[in-house]
Amino acid sequence: MRIGVFDSGVGGLTVVKSLLDSKLFREIIYFGDTARVPYGSKDKNTIIRYSLEAVEFFKNFDIELLVVACNTVSAHALPKMREEADFPVVGVIESGVLALQNSDLDKNEPILVIGTSATIGSGIYQNLLKQNGYTNIQAMPTGLFVPMVEEGIFKGEVLNSTMDFYFKNVKTEPHRVILGCTHFPMIGEEIKNYWENKPKLVHSGEAIMQYLKKIYPDLKEGETIIKFFASENPHNLKAVAKMWLGIESHN
Ligand code: DGL
C-alpha cells in the first residue's frame, strides 16, 4: 500500500517512525509544510487553506490513503480535506481517544491533554473524551514545546522550566497524558518523569498504527520505501529524520 503522510513540518516524523516500525506499508510519501510551520498558532481558515493545498500535492502520487500526522490539522481540516481528496484521509485524534478506550484507564481517572493552541482551542479532544464517558479531563495549550523540539531541546534546564511554567497549574496529577501534538513524543520521557506517578502517555503514532491495523487487517509485512518532500528546504527535513529517528530517505 502506498500512503501519504502530511504534517505542518517535522513533527509528523514521530508518526512515520511508528508506520515504519510496523513494516506494513510498501511506500510512504511524506510532505511537511516546513515553509509555513507552525500551524498551531494559526486560525482555522488558514489551517484549512494550507491543508487543502497539501491534498492537491498528494493528488500527484497514486496514494491509497492519507495519514494526517498532525493534531492541529486533524482538529480543524479533516472534513474539508475529505471533500476534496480522491483517497481516504485519516487523522490522529480519534485514534488517540480510541487508544485510551482500549487501555485499562478508568473513566474517572485524571487525564491531561496537551497540544497546540489551535488543537486545544478547538475543544475536539475534550468533547470526544466527554462523549466517551471520561469525567476528569484537563486540557492545556503548551505551544512552546513545539519550537523547543524543533531546536533539538529534548531535555535540560530550559525544558524543565517550561514544564514548570505549564504544569504548575495542573490541579490533579494525571494518570494519562495525551500528547496531542506530534512533536511531543520527542520529549515524552521528560513529560512522563515530570510527574511523581509517571503517567502513561498516548502517542499519536502508536495510536494511529493500532487503528490502521484494525481497518486494514490484511496488510503484510515487508520493506518500506520512504520519500520526503517539503515546501522549503527538504534537505533539512531529511537531516532531521536521520538525526532524530535514524530514518534514511529514498529520494
Ligand atoms: N505537529 C503539529 C501537531 O501535531 C504541531 C506543530 C505546529 O504548530 O504546526 O499539532
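We use all heavy atoms of the structure for the numbers below, so side chains are in, but hydrogens, waters and symmetry mates are not. Counting starts at 1 for both ligands and their atoms, in listed order. In this chain, numbering begins with 1 at the start of the sequence shown.
Residue C70 holds the heavy atom nearest to atom 2 (C) of ligand 1 of all those in G143, C70, G11.
Of all the heavy atoms of V73, none lies under 4.0 Å from any atom of ligand 1, so neither backbone nor side chain is involved. The part of V37 lying near ligand 1 is the side chain, judged by heavy-atom distances below 4.0 Å.
At a cut-off of 3.5 Å, with distance as the only test, a side-chain donor of T72 or T116 sits close to an acceptor on the other residue. Between N71 and S74, the side chains place no donor N or O within less than 3.5 Å of an acceptor N or O (distance only, hydrogens not considered). Judged purely by distance below 3.5 Å, without hydrogens or angles, the side chains of Y194 and D164 pair a donor atom with an acceptor atom. Under 3.5 Å, the side chains of Q101 and N132 contain a donor-acceptor pair of N or O atoms.
Closest to atom 5 (C) of ligand 1, if we only count protein heavy atoms, is C181 SG, 3.5 Å.
Side-chain atoms of T224 come within 3.5 Å of backbone N or O of F25 as a donor-acceptor pair. A donor-acceptor pair under 3.5 Å links the side-chain atoms of K198 to the main chain of N193, judged by distance alone.
If you number the atoms of ligand 1 from 1 as listed, the ones under 4.0 Å from a heavy atom of Y39 come out as 7 (C), 8 (O), 9 (O). Taking a cut-off of under 4.0 Å to the non-hydrogen atoms of G40, the atoms of ligand 1 that pass are 7 (C), 8 (O), 9 (O). The ligand atoms of ligand 1 that sit less than 4.0 angstrom from a heavy atom of T116 are 5 (C), 8 (O), 10 (O). Per-residue contacts place T182 under 4.0 angstrom from the following atoms of ligand 1 (heavy atoms of the residue considered): 1 (N), 2 (C), 3 (C), 4 (O). Ligand 1 places these atoms under 4.0 Å from at least one heavy atom of P38: 7 (C), 8 (O), 9 (O). Within ligand 1, the atoms closer than 4.0 Å to a non-hydrogen atom of T72 are 3 (C), 5 (C), 10 (O), numbered from 1 in the order shown. Atom numbering of ligand 1 starts at 1 in the shown order; those under 4.0 Å from a heavy atom of D7 are 1 (N), 2 (C).
Close N/O approach between S8 and ligand 1 is found [any backbone or side-chain N/O within under 3.5 Å]. The N/O atoms of H183, backbone and side chain alike, include one that comes under 3.5 Å of an N/O atom in ligand 1.
Q138 is not listed as a side-chain neighbour of I111, based on a closest heavy-atom distance of 4.5 Å or more.
Remark: K192 NZ is packed, more than 12 non-hydrogen atoms of other residues, nucleotides or ligands lying under 6.0 Å away. By the 6.0 Å contact criterion, NZ on K59 is enclosed, its count of non-hydrogen atoms from other residues, nucleotides or ligands being greater than 12.
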